[in-house]
**Student:** 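Could you have a look at this structure, given as C-alpha cells, before my questions?
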Amino acid sequence: MSSRYNHKVAEPKWQKRWQDANIFKVEKKDNKKKYYVLEMFPYPSGKIHMGHVRNYTLGDVVARYKKMKGFNVFHPMGWDAFGLPAENAAKTEKKNPADWTYTNISYMRNQLKSMGFSIDWDRELATCHPGYYKHEQLFFLEMYKSGLAYKKMSEVNWDPVDKTVLANEQVIDGRGWRSGALVEKKNLSQWFLKTSNYSEELLNDLDSLDMWPNKVKVMQSNWIGRSEGAEIVFSLVKNNFSDDKHLKVYTTRPDTIFGATFVAISADHALAKKILKKDINAQKFKEEIKIIDSEKTKVGYNTNIFIKHPFLDKQIPLFIANFVLMDYGLGAVFGCPAHDQRDLEFALKYNLEVIQVVEPAKSKQNSNKIKNVAILGGGLMINSGFLDGVDNEKAKKEVIKRLEKEGIGNKKINYKLRDWGISRQRYWGCPIPILYREDGSVVPVKEKDLPVLLPTLGQKNPSPTKEEVDEWKMTTCPITGMKAVRETDTFDTFFESSWYFLRYCNPRLNNKPFLKEDINYWLPVDQYIGGVEHAILHLLYSRFFTKALRDLNFVDINEPFTGLFTQGMVTHKTFKDSAGNWVEPNKIIESKGNYFDSNNEQVEVGKIEKMSKSKKNVVNPSSIIDDYGADTARWFMLSDSPPERDLEWTDVGVASSHKFINKIWETCIKTKKYKAPHGLSKTNKFDSLIKSVSENIEKFHFNKSVANIYEYVNEINKSMEKKSISGDNLKRAAKDLCIIIHPLTPHLSEEIWELLGYEGFCANANWPEFKKNDVVDMIDLPVQVNGKLKGLIPSKNNDKEEVVLEKAKNLPSLKKILKDKIIGKVIYIPGKILNIVIK
RNA sequence: GGGAGUAUGGCGGAACUGGUAGACGCGCCGGAUUCAAAAUCCGGUCACUUCGGUGGUGUGGGUUCAAUUCCCUCUACUCCUACCA
C-alpha cells in the first residue's frame, strides 16, 4: 500500500467537508469573545495572483489559530468590483463590464476556495451590486445634508482626441495612454468630502493605533502635514487693479518677518485674477509659466503693487510667482530670501534685497555673506527691531503676539490634507444620487428612491451610447415635478472600500446598511492585513469614513482597524532576450551558469522584481496548486522570509516545501507503528516548541513558527529512532503536531487527524496548552574567561555561585588557563552565564 | 531637499529585556540504499589553524566582565514624499 500523501485527493475532500459542515460560518455570540480577521479584498481582475495567495495565507493562519484558541472568528471575503479595468476589458473584449466582472468573480472565488481558506462565504459581497451600493448612496445623502459633501470646481485630465476624462494612472508622461494625445487640464464642477474637517482627529488618533506599523503612521502623519505658523495681513499700497486693501499670507516662519523683501501670490489667487483682467502683460506671464518647470526655474511677474511692511516704514513689491501653490495655505507668501532657498533664488534673479535676520548659534563660516545658500537653521535674531537678541523660536511667539495685538494677524495651524474629490467621470462606478433641476437647483435623490441604478447595457456594450445616457439621465424633481437631469458622475472606488468591512456584519440586509448591534459586537477589525501601497489613501479614507459615520450616528467606533499588518511583495527572477524582450522564467534553460531561451539563444539575467505581467515573471497559483497542492503553496509562503519583507519565489523552495509536507505525513504514519520499550525518560522539548510556535504566530513571525515545526518533526523522528519516547508521549506529540500545523497546512492536518483516529475536524480542535515551568530545568551553562567562551557545564537554574564556580574550575580547559592566574571578578547569572575575569 | 528603514555564511534568514553568533531551511560535500538513476535516509558544512587555538555580524571608534544587540562616525542599498512657505 502506498502511504504517499496525495494532495489531489485530500485537498478537495476536506474543502468539501468543511463546506458541507459549515464550520466557518459564524454568528454573533454575546458570551463568546470575537476576533475579526480581515485581508484587503481583491479587485476581480480575472485570476488571483501570488500576492493574493500570500495575503490570504497570512490572514488564514491568524484566523484558524484564533479559532483554535477559542475565539469567535469573523473572517469574511468580498470583491472590490467597480473600477476602470472592467471598462477597459469591456472595450477590448466587447463585453458588458458587469458580465466581465461577475465572470471573474466566480472564477476567482473557486481559486480562493481551492486554497482552503477558512472564510465564511455566506457573507461574500460585491461592491458593484445595487444591494451594496444603495447604502453608500444613502451615506452620501446624509453627508450632503450635514455639509460634509459639497461641490466645487476642480481640474481633470482631458484627452482631446478620445474626448474623455482620464484617471491619473491613464496619463503617461503627460499623454493619454490610448490616444497618445497631450492631455489638457479641464475645469469641471465636482463633488468633495470634507476630510479636512477631520485633519486634527485623524492625526491625533494615530497615537492610539499602537498595533499599526510605525512606518504607516509616519506616512499618514506626513500626508496630513500639520504645521504651526501665522497668518499675516498686509496692507496694499498703489493698487491700481482692485479695491482690495489687504492681502493675507500664511507662514511658518513669522520670526523672519524683518527679513521680508517681497510678497508673492499664485497666478490662481483671487487678487491675481483681478490683475490679470486689467494687465495684458500679466496675462502673457500666466500663459508663459504653463510651459515652465517651476521646480527648475522660478519666475515672477512684478505687479507694481506694493505692500507695507507691518513693523517697518518700508514698502516691498508684490509678485505673481510660478512657485507659489494655490492649494496650500492661502496661495500667498512673503519672501525672506536670507532664510528660504526658493526665496533666495527668486531674489537673486530679480535683484531683491537679502536681509539676514537669524544668526546661527555657532556660525561655522562668516555668515554675514549669504551667497547662494540660505540659512535654514535656528539662532538669535538680528536686524529685527524689537526681536533683536531673542532666540528665533521665541521670536515666532513674540511676532504672533504683536500681530494679534495690532489686529493684523494671528496664530494659525495648517494642514496639507485636502478634501477628498470623489467624482469620477466613468461608467463602471456607483452613481452619485443627485438631480439638477431645470431652475438650476441641486436636489438630492429621495431616500426611498434609492438605489439610483446604473443605466443598463446591451450584452456586448462596453459603455452606454449617448442616447442611452440621455434617456437614463432625464427625470423629474420629486418635490416640484420640474424637469431635472441626473448627476452622471460616479464615485471614486475608494468610496466602496471605505466601509465594506462594516457591511460584512449584515451583507444581505436590505433596508439598512447594517445593524448597530452587530457592528458593536464585531468591530473594530482586530487584524487587518494588506499591502503597504494602501498605507495612505485607502486606510486614511476608511478612517475618515468611520469617523464621519460615527458623527452621522451610524456607528459608535472611532477607528476601524485596531491591528494592521503590511506584507511584503512576492518577487521572482526576470530574464531578457537579446532584443530586450522579457522572457518567462519557466522557459529558461540553465547550463553551466548561462541561461538560454527555448530557441537556444542566450538570455540576460535581470533583477529580481515584483511579479508582474509586463515583466513576464508571474507564476500562476492554480498551476502550483495542481502540481504541488495548496498546502505546499501555503507552507512556502510562510517559510523563511518574514512576512513584512519581500518573498522571492523559487522553484527549489517550492519543491522543498512539498518534500516537507510529505515528510510530516510519513512521520505521522511511522508514529502509528511505533513500539516503545519500557522505562523511558520524558522529554520536554515538545512543550517548549509548542510554546514558541504559539508565540511566533501571535507576533506574526510565521517563518520562525515554520522553523519550530521543522525542529518538532525532527525531534519526533529522532525520538522514534532512539526509542527514547514512550508510546503515550509519542501519541500525544503526534496529535499536538497535527494541531500546530493546522493553521499553516490545514488539509494535511485534517488528513492526519483522520489517520490518527480522532473524531470531527482538527479545525475545531483546541490549541495545545503548554506548561511554562516544564520548559527549562537542566541547561548547559556557558563558562567564559574574560568574556570568551571556554566550556560548558551542566547546571540547574537555582545552583549557587560557589557550586558552579567549583565545577568550572575543574574543567580541563579552564584548569590550564587559570593555573598561574589570579581570579579577579566573577559574574554569575543563573541559567545564563558564568564569566571569570582574570589578570 | 525632507522622512522612514535595512546591512549577519554560497543563499533565505535565527539569536528573548546585552549573556554559547550562524537556530531552521536551501545549496554544496561525503556516506548508505540501488544493476543504475530518481526518491529516501545518515553525517558534515563561517574562515584561518602548527588542532592548542585565533579571527569573525557593512566601516571606524566608544561604553561594559560581556555588544549582532546600547551610544557616536562614516559607507552602501531600499522604500515613501517632494516647491507644503
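Per chain, numbering begins at 1; letters A, B, ... match sequence-line order.
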**Student:** Between B:G3 and B:C84, how many Å separate the two C1' atoms, rounded to a whole number?
**Tutor:** 14 Å
**Student:** With sugar-phosphate meaning primed atoms plus P, OP1 and OP2, does A:Asn703 contact a base, only sugar-phosphate, or nothing at under 4.0 Å between heavy atoms?
**Tutor:** sugar-phosphate
**Student:** Would you measure the distance from the P atom in B:U49 across to the matching atom in B:G43 and give it in whole Å?
**Tutor:** 28 Å
**Student:** With heavy atoms under 4.0 Å as the rule, sort A:Lys790 into base, sugar-phosphate or nothing.
**Tutor:** sugar-phosphate
**Student:** Looking at B:A85, which nucleotide sits across from it as a Watson-Crick or G-U wobble partner, both distances under 3.5 angstrom, or is there none?
**Tutor:**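 Across any shown strand, B:A85 pairs with none.
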**Student:** Given that both distances must come in under 3.5 Å, which nucleotide forms a Watson-Crick or G-U wobble pair with B:A21?
**Tutor:** none
**Student:** State the pairing partner of B:A36; accept Watson-Crick or G-U wobble contacts with both distances under 3.5 Å, and report none otherwise.
**Tutor:**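 Pairing partner: none.
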**Student:** Could you check how far NZ of A:Lys607 sits from P of B:C79, rounded to whole Å?
**Tutor:**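 Computing the A:Lys607:NZ to B:C79:P distance gives 8 Å.
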**Student:** Sticking with atom P, work out how far B:C41 lies from B:A47, rounded to a whole angstrom.
**Tutor:**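 To the nearest whole Å, 26 Å.
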**Student:** When the P atoms of B:U6 and B:U20 are considered, how many whole Å apart are they?
**Tutor:**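 That atom pair is separated by 22 Å.
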**Student:** Within this structure, what is the CD1-to-P distance between A:Ile661 and B:U40, rounded to whole angstrom?
**Tutor:**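 Those two atoms, CD1 and P, are 14 Å apart.
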**Student:** For a quick test of reading the model, state the closest non-hydrogen atom pair linking A:Ala267 to A:Ile320 and the distance between them.
**Tutor:** CA-CG2, 3.7 Å
**Student:** Using whole Å, what does the distance between atom C1' of nucleotide B:A67 and atom CG of A:Asn786 come to?
**Tutor:**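 Roughly 16 Å, once rounded to whole Å.
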**Student:** In Watson-Crick or G-U wobble terms, both distances under 3.5 Å, what is the partner of B:U50?
**Tutor:** none
**Student:** Would you call B:G55 syn or anti, using the 90° rule around 0?
**Tutor:**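 Glycosidic conformation of B:G55: anti.
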**Student:** Take atom CZ of A:Phe636 and atom C1' of B:C26, then tell me their distance rounded to the nearest Å.
**Tutor:**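 About 11 Å, once rounded to whole Å.
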**Student:** Determine which nucleotide pairs with B:G30, using a 3.5 Å limit on both distances of a Watson-Crick or G-U wobble pair.
**Tutor:** B:C42
**Student:** In Watson-Crick or G-U wobble terms, both distances under 3.5 Å, what is the partner of B:C77?
**Tutor:**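 Pairing partner: B:G5.
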**Student:** If you measure from the P atom in B:U64 to the same atom in B:C51, how many Å do you get, rounded?
**Tutor:**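 Pairwise P distance, B:U64 against B:C51, rounds to 38 Å.
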**Student:** Mind checking if A:Gln784 touches a base, just sugar-phosphate, or nothing, with heavy atoms under 4.0 Å?
**Tutor:**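 Base contact - A:Gln784 has a heavy atom under 4.0 Å of at least one base atom.
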**Student:** When you check the side-chain N and O atoms of A:Asp640 and A:Asn703, is any donor under 3.5 Å from an acceptor?
**Tutor:** no
**Student:** Starting from the 5' end of RNA chain B, give me the residue, A:Lys659 or A:Asn222, whose nearest nucleotide shows up first.
**Tutor:** A:Asn222
**Student:** To the side chain of A:Leu792, which of B:U20, B:A23, B:C84 is closest?
**Tutor:** B:U20
**Student:** NA contact type, A:Ser641, heavy-atom cut-off 4.0 Å: base, sugar-phosphate, or nothing?
**Tutor:**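 The residue A:Ser641 makes sugar-phosphate contact but no base contact.
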**Student:** Let me know the distance between CG of A:Leu781 and C1' of B:G19, rounded to the nearest Å.
**Tutor:** 10 Å
**Student:** Of all the nucleotides listed (B:C84, B:A85, B:A4), which has the minimum atom distance to the side chain of A:Lys416?
**Tutor:** B:C84
**Student:** Quantified in whole Å, what is the C1' atom distance between nucleotide B:U63 and nucleotide B:G18?
**Tutor:** 12 Å
**Student:** Look at all strands and tell whether A:Phe323 reaches a base, only sugar-phosphate, or nothing, counting heavy atoms closer than 4.0 Å.
**Tutor:**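 Since a base atom lies under 4.0 Å of A:Phe323, the category is base.
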**Student:** With salt bridge (charged side-chain N to carboxylate O under 4.0 Å, His left out) as the rule and sequence neighbours excluded, what pairs involving residues 781-795 of chain A come up?
**Tutor:**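 Passing the test, one end in residues 781-795 of chain A: no pairs.
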**Student:** Measure centre to centre between the rings of A:Phe319 and A:Phe346, then say whether the value is under 6.0 Å.
**Tutor:** yes
**Student:** Does B:U63 have a Watson-Crick or wobble mate here (both distances under 3.5 Å), and if so which one?
**Tutor:** none
**Student:** Using the ring centroid of each side chain, check whether A:Phe234 and A:His309 are separated by less than 6.0 Å.
**Tutor:**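 Not close enough - the centres of the two rings lie 6.0 Å or further apart.
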**Student:** Look up atom CD in A:Glu533 and atom CE in A:Met569, then write down how far apart they are to the nearest 0.5 Å.
**Tutor:** 9.0 Å
**Student:** Hey, would you say the A:Phe700 and A:Phe702 ring centroids sit under 6.0 Å apart?
**Tutor:** yes
**Student:** Heavy atoms from C-beta onward define the side chain here; which of B:G19, B:A14, B:G25 lies closest to that of A:Ile827?
**Tutor:** B:G19
**Student:** Establish, with yes or no, whether the OP1 or OP2 oxygen of B:A85 is under 4.0 angstrom from a side-chain nitrogen or oxygen of A:Arg342.
**Tutor:** no
**Student:** To the nearest angstrom, how far is A:Leu376 atom CG from B:G1 atom C1'?
**Tutor:** 10 Å
**Student:** Side chain of A:Asp640 only, please: which of B:G12, B:C42, B:G13 is the nearest?
**Tutor:** B:G12
**Student:** In whole angstroms, how far is the P atom of B:A15 from the CG atom of A:Asn708?
**Tutor:**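 Roughly 10 Å, once rounded to whole Å.
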**Student:** Under the rule syn = chi within 90° of 0, otherwise anti, which is B:G52?
**Tutor:** syn
**Student:** Between A:Tyr415 and A:Ile833, just flag the one whose closest nucleotide in RNA chain B comes earlier from the 5' side.
**Tutor:** A:Ile833
**Student:** Between B:C28 and B:G12, how far apart are the two C1' atoms, rounded to whole Å?
**Tutor:** 16 Å
**Student:** Can you check the distance between B:G53 and B:A4, where both ends of the measurement are the C1' atom (answer in whole Å)?
**Tutor:** 45 Å
**Student:** Please state how far atom CD1 in A:Ile536 lies from atom P in B:A4, giving the value in whole angstrom units.
**Tutor:**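 Computing the A:Ile536:CD1 to B:A4:P distance gives 15 Å.
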**Student:** Base, sugar-phosphate, or nothing for A:Val324, non-hydrogen atoms under 4.0 angstrom?
**Tutor:**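 Base, at least one base atom sits under 4.0 Å.
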**Student:** Of A:Asn717, A:Asn714, A:Asn662, which is the lone residue that meets side chain to side chain donor-acceptor pair (under 3.5 Å) with A:Thr667?
**Tutor:** A:Asn717
